[in-house]
Asker: 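Dropping a structure here in structure tokens format, bear with me for questions.
Here the structure is a predicted model, which is why all the values come from computation and not from measurement. Proteins come first, then strands; the chains are lettered A, B, ... in the order of their sequence lines, and each starts at number 1.
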Amino acid sequence: MRAEATQLKIYDSLAGDKRNFVPLKEGFVGFYVCGPTVYSNVHLGNCRTFISFDMVCRYLRHLGYKVRYVRNITDVGHLVDDADQGEDKIAKKARLEQLEPMEIVQQYSLDFHHVMAQFNALPPNIEPTATGHIIEQIEMIQAIIDNGFAYESNGSVYFDVEKYNESHPYGALSGRKIEDLMSNTRTLDGQDEKRAPLDFALWKNAAPEHIMKWPSPWGVGFPGWHLECSAMSTKYLGEEFDIHGGGMDLKFPHHECEIAQGTASNGKSPVKYWMHGNMLTLNGQKMSKSTGNSILPGELFSGNNKFMEKPFSPMVVRFFMMQAHYRSTLDFTSEALMAAEKGHDKLMEAMKTLQDLKPAGESTIDVPGLIGQFYKAMNDDFNAPVLVAQLFEAVKFINGVRDGKQTISKDDMEALQIAMQNFVVEILGLETTVEGGEDKLAPVMDLVLELRQQARENKDWDTSDKIRDGLAAAGIVVKDSKDGSTWS
RNA sequence: GGUCCUGUGGCCGAGGGGCUUAGGCACUGGUCUGCAAAACCAGUUACAGCGGUUCGAAUCCGCUCGGGACCUCCA
């Protein structure tokens, strides 16, 4: 473990405050994140949440924790309308496209994995699916029934919220009172199976035409959406685990229900630290599939969309996200992305420069102190934007050394090289090498630049500018300096 | 309607009672350059409005106005 690990503070949504992070088991972290429902292409807002928690996981590992990162795939049980009414999302899509539900699941799971790889998000250690854990869910339902917190009705099973609330506060995570919830609940049709409107489904009976269904002690049916996360987190991380992450919009009711289910089945509140990432907006409006104010990652990378002036690479988008705190909303605009692109390129350029620096004498700044600032930023509830600000302090210094205006000692240079690699590449997850096929291009470019240099020495500006302009048209930028020309 | 969050300079975004002129982008001037780009140096623009608490508020409290989230599917 790194010494800095003891300084980590995490904002816990349930406590409503930053708390020192102390894992349940020293050296280990159990980490669960609510994954996507794979009934359509993953959109950019979803991606932000997963990228935020990817950064969290990377930092925990950097500190020396052995992290078991579990992120589920929801492939059944998530209904399109009211939580206990309406059609299963996967089944609806399958019906519309005349496909097997599992074809839908496969198609969008592959898309999800592809996009996450483009964003350089590490895969979780375990990625369980709801349909793969029907037995575990049935067992948990039975335990909740046995403990008196759920009842069967017409082949379905519902969680008895009022009964639960007598002994445990329901609504603590989202700051709600059960009286307010009851007075605000709409009365919907077809809820006569439930004793009270607040009750939520643990198991739903399935009509004969329903495609995705399994036998259970209560008849043929399918599990309720909230249950899978409880069942799978318990199976892989235990009845109590360290960190649970997800989007803000899942706080209520989804995570509230998870707390209730965990507590009702084994008597323990399941999660030590609740973390919630904030939403993404597009031109100031919430990104939402239903309103059309939404952009797919692929559309952003290709430029094939009506919101952005140009395409942006996955790493630029990731860098842009890292410039905002995960608990703040972040607005996607063309202008903001273009600014981020320049900043990203500047940082990456400095990463290369750092490798070729010539150490000499004493350092003109306090390098260990600067590296300490990196840790200080991340230890303050994963404050990546402050980290980025500190990284740019390093960039300024690196460029100063390169230009001979500052100096760096050998020890400091090696320490800075390691630290920058750690924070930029390992923790923020920004890849420094993305181009392929550079092997053959490099010697060609050496030749081209040599020819141009000859032209410049002969003051043949027409030729040298022609070469530069021609390369620019091909997307290669030539930069001249005293020591010769470079390209990128 | 209920609960909660939020409003920072041209833009994005940290911070959060008295030394951060945070940082990035943009802009202006300068250095360098054959010119340019890149680098570097310097500089400009700020805490929605009104009232209150305080020796002192962008930072706390109240109200007003604006934005948003959840309360129904969404990360």
Asker: At less than 3.5 Å, do the side-chain atoms of A:R468 and the base atoms of B:A36 form a donor-acceptor pair?
Answerer: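 Answer is yes: a donor-acceptor pair is held.
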Asker: Round to the nearest Å and state the distance from A:K479 atom NZ to B:A38 atom P.
Answerer: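 Checked: the NZ to P distance equals 9 Å.
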Asker: Within residues 354-378 of chain A, which residues have any heavy atom lying less than 4.0 Å from an atom of RNA chain B?
Answerer: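 Here the set is empty: none.
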Asker: Would you say the side-chain atoms of A:E228 and A:N72 include a donor-acceptor pair closer than 3.5 Å?
Answerer: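 Yes, side-chain donor-acceptor contact under 3.5 Å.
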Asker: Using a heavy-atom cut-off of under 4.0 Å over every strand shown, decide if A:N383 touches base, sugar-phosphate, or nothing.
Answerer: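 Sugar-phosphate, no base atom in range.
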Asker: What are the residues of residues 452-466 of chain A, sorted by number, that bring a heavy atom to within less than 4.0 Å of RNA chain B?
Answerer: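 Those residues are A:R452, A:R456, A:W461, A:S464, A:D465.
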Asker: Nearest to the side chain of A:D480, which nucleotide is it out of B:A39, B:A37, B:C73?
Answerer: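 Selected nucleotide (nearest to the side chain): B:A37.
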Asker: What's A:L391 touching, base or sugar-phosphate or nothing? Going by heavy atoms closer than 4.0 Å.
Answerer: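 If one applies the 4.0 Å heavy-atom cut-off, A:L391 turns out to touch nothing in the nucleic acid.
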Asker: Could you check which of B:A38, B:C73, B:C12 has an atom nearest any side-chain atom of A:W225?
Answerer: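 From the listed options, B:C73 comes nearest.
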Asker: Distance only, no hydrogens: is a donor on one side chain within 3.5 Å (strictly under) of an acceptor on the other, for A:Y158 and A:E193?
Answerer: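 A pair is found: one side chain offers a donor N or O, the other an acceptor, under 3.5 Å apart.
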Asker: Less than 4.0 angstrom from a charged side-chain N to a carboxylate O is my criterion; do A:K346 and A:E341 meet it?
Answerer: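 No salt bridge links A:K346 with A:E341.
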Asker: Using both pair distances under 3.5 Å as the test, note the stems of at least 3 consecutive Watson-Crick or G-U pairs that include RNA chain B.
Answerer: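 Ordered by first number, the stems with RNA chain B (at least 3 consecutive pairs each) read B:1-7 with B:65-71, B:10-12 with B:23-25, B:27-30 with B:40-43, B:48-52 with B:60-64.
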Asker: Write down the distance between CD1 (A:I178) and C1' (B:C70), rounded to a whole number of angstrom.
Answerer: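 Between C1' of B:C70 and CD1 of A:I178: 17 Å.
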Asker: If you assign A:C47 and A:D403 each to the RNA chain B nucleotide with the nearest heavy atom, which residue ends up on the more 5' nucleotide?
Answerer: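 Per heavy-atom nearest nucleotide, the more 5' residue is A:D403.
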Asker: Mapping A:N278 and A:T329 onto RNA chain B by nearest heavy atom, which one lands closer to the 5' end?
Answerer: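 Result: A:T329.
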Asker: Taking the same atom, C1', in B:G16 and in B:G7, what whole-Å distance lies between them?
Answerer: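 Straight-line distance between the two C1' atoms is 15 Å.
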Asker: Run the numbers on A:F320 and A:F312 for ring pair (Phe, Tyr, Trp, His ring centres under 6.0 Å), then give the verdict.
Answerer: CA-CA 10 Å; A:F320 177 61; A:F312 293 102; 8.7 Å; no
Asker: In terms of side-chain geometry, is the basic nitrogen of A:R71 or A:D54 positioned less than 4.0 Å from the acidic oxygen of its partner?
Answerer: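 A salt bridge is absent here (no side-chain N lies under 4.0 Å from a carboxylate O).
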Asker: Taking the six-membered ring for Trp, are the ring centroids of A:Y236 and A:Y32 within less than 6.0 Å of each other?
Answerer: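 No, ring centres 6.0 Å or more apart.
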Asker: Could you give the distance separating B:U54 and B:C60 at their C1' atoms, to the nearest angstrom?
Answerer: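 The same atom, C1', in both gives a distance of 10 Å.
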Asker: In this structure, how many angstroms lie between the C1' atom of B:A75 and the CD1 atom of A:I73, rounded?
Answerer: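 In whole Å, B:A75 C1' and A:I73 CD1 are 13 Å from each other.
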Asker: Does the pair A:D12 and A:K18 meet the rule for a salt bridge (charged side-chain N to carboxylate O under 4.0 Å, His left out), with working shown?
Answerer: CA-CA 6 Å; A:D12 173 23; A:K18 287 177 194 170; over 6 Å; no
Asker: Check the distance between B:U72's P and A:L250's CG and give it to me in whole angstrom.
Answerer: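 To the nearest whole Å, that distance equals 15 Å.
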Asker: Under 4.0 angstrom, heavy atoms only, what part of the nucleic acid is A:R48 near: base, sugar-phosphate, or nothing?
Answerer: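 A:R48: no heavy atom of the nucleic acid under 4.0 Å.
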Asker: Run the side-chain hydrogen bond (donor to acceptor under 3.5 Å, both in side chains) check on A:S294 and A:H43 step by step: do they pass?
Answerer: CA-CA 7 Å; A:S294 151; A:H43 77 71; 4.8 Å; no
Asker: Do A:R327 and B:C5 share a donor-acceptor pair, side chain to base, under 3.5 Å?
Answerer: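 For A:R327, whose side chain was compared with the base of B:C5, there is no donor-acceptor pair (under 3.5 Å).
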Asker: Is there side-chain contact between A:L354 and A:Q421, with heavy atoms separated by less than 4.5 Å?
Answerer: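 A:L354 vs A:Q421: side chains apart.
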Asker: Is any side-chain N of the basic residue among A:K9 and A:D380 closer than 4.0 Å to the acidic one's carboxylate O?
Answerer: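 No salt bridge links A:K9 with A:D380.
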Asker: Could you walk me through whether A:K342 and A:D345 pass the salt bridge (charged side-chain N to carboxylate O under 4.0 Å, His left out) test, one step at a time?
Answerer: CA-CA 5 Å; A:K342 292 210 172 187; A:D345 292 350; over 6 Å; no
Asker: Within this structure, what is the CG-to-P distance between A:L330 and B:U8, rounded to whole angstrom?
Answerer: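 Value for this atom pair: 14 Å.
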Asker: Looking only at side-chain N and O atoms, does A:H226 offer a donor or acceptor that is under 3.5 Å from a partner on A:H255?
Answerer: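 No pair is found: no donor N or O on one side chain lies under 3.5 Å from an acceptor on the other.
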Asker: Give the rounded distance in Å between these two atoms: CZ of A:F252 and P of B:C4.
Answerer: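 Interatomic distance, CZ of A:F252 to P of B:C4: 14 Å.
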Asker: Using the P atom in both, what is the distance from B:G10 to B:C27, to the nearest Å?
Answerer: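 Those two atoms are separated by 15 Å.
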Asker: Within this structure, what is the CE-to-C1' distance between A:M351 and B:A39, rounded to whole angstrom?
Answerer: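 Atom-to-atom, A:M351 to B:A39, this comes out as 18 Å.
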Asker: Among B:A39, B:A37, B:A75, which is the nearest nucleotide to the side chain of A:V477?
Answerer: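 My answer, after comparing the listed nucleotides, is B:A37.
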Asker: When you check every protein heavy atom under 4.0 Å of nucleotides 19-31 of chain B, what one-letter string (B, S, -) results, 5' to 3'?
Answerer: ---BSSSS-----
Asker: Tell me whether the centres of the aromatic rings in A:F159 and A:Y164 are closer together than 6.0 Å.
Answerer: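 Yes; A:Y164 has its ring centre under 6.0 Å from that of A:F159.
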Asker: What I'd like to find out is whether the side chain of A:L387 reaches to under 4.5 Å of the side chain of A:L428, using heavy atoms alone.
Answerer: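 Answer yes - side chains close enough.
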Asker: For the residue pair A:F119 and A:F50, is the inter-centroid distance of their aromatic rings smaller than 6.0 Å?
Answerer: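 Between A:F119 and A:F50, the centre distance exceeds or equals 6.0 Å.
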Asker: With syn defined as a glycosidic torsion within 90 degrees of 0 and anti otherwise, which applies to B:A69?
Answerer: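 B:A69: anti.
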Asker: Assess the side chains of A:D75 and A:T131: does a donor N or O sit below 3.5 Å from an acceptor N or O?
Answerer: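 Looking only at side-chain atoms, A:T131 and A:D75 do form a donor-acceptor pair, the distance falling under 3.5 Å.
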Asker: Figure out the CD/P separation between A:E309 and B:C11, and round it to whole Å.
Answerer: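 Value for this atom pair: 16 Å.
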Asker: Once you apply a heavy-atom cut-off of 4.0 Å, does A:G45 come out as touching a base, just sugar-phosphate, or nothing?
Answerer: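 The answer is base, as A:G45 lies within the cut-off (heavy atoms under 4.0 Å) of a base atom.
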Asker: Taking side chain to side chain donor-acceptor pair (under 3.5 Å) as the test, write out the residues that go with A:E335, two or more places apart.
Answerer: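 Result, side chain to side chain donor-acceptor pair (under 3.5 Å) vs A:E335: none returned.
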Asker: What's the gap between B:C19 and B:U59 when it is taken at their C1' atoms, as a whole Å value?
Answerer: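 B:C19 and B:U59 have their C1' atoms separated by 15 Å.
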Asker: Using only heavy-atom distances, determine whether the side chains of A:N278 and A:S328 contain a donor-acceptor pair under 3.5 Å.
Answerer: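 The criterion, which ignores hydrogens and geometry beyond distance, is not satisfied for A:S328 and A:N278.
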Asker: Determine, using ring centers only, whether A:Y273 and A:H244 are less than 6.0 Å apart.
Answerer: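 No: the rings miss the under 6.0 Å criterion.
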Asker: Can you tell me how far C1' in B:A58 sits from the matching atom in B:C50, rounded to whole Å?
Answerer: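 Those two atoms are separated by 15 Å.
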Asker: Looking at residues 112-127 of chain A, who's got a heavy atom less than 4.0 Å off RNA chain B?
Answerer: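 Here the set is empty: none.
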Asker: Closer than 4.0 Å, any side-chain N/O of A:N399 to the OP1 or OP2 of B:A39?
Answerer: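 For A:N399, the contact criterion (side-chain N or O under 4.0 Å from OP1 or OP2 of B:A39) is not met.
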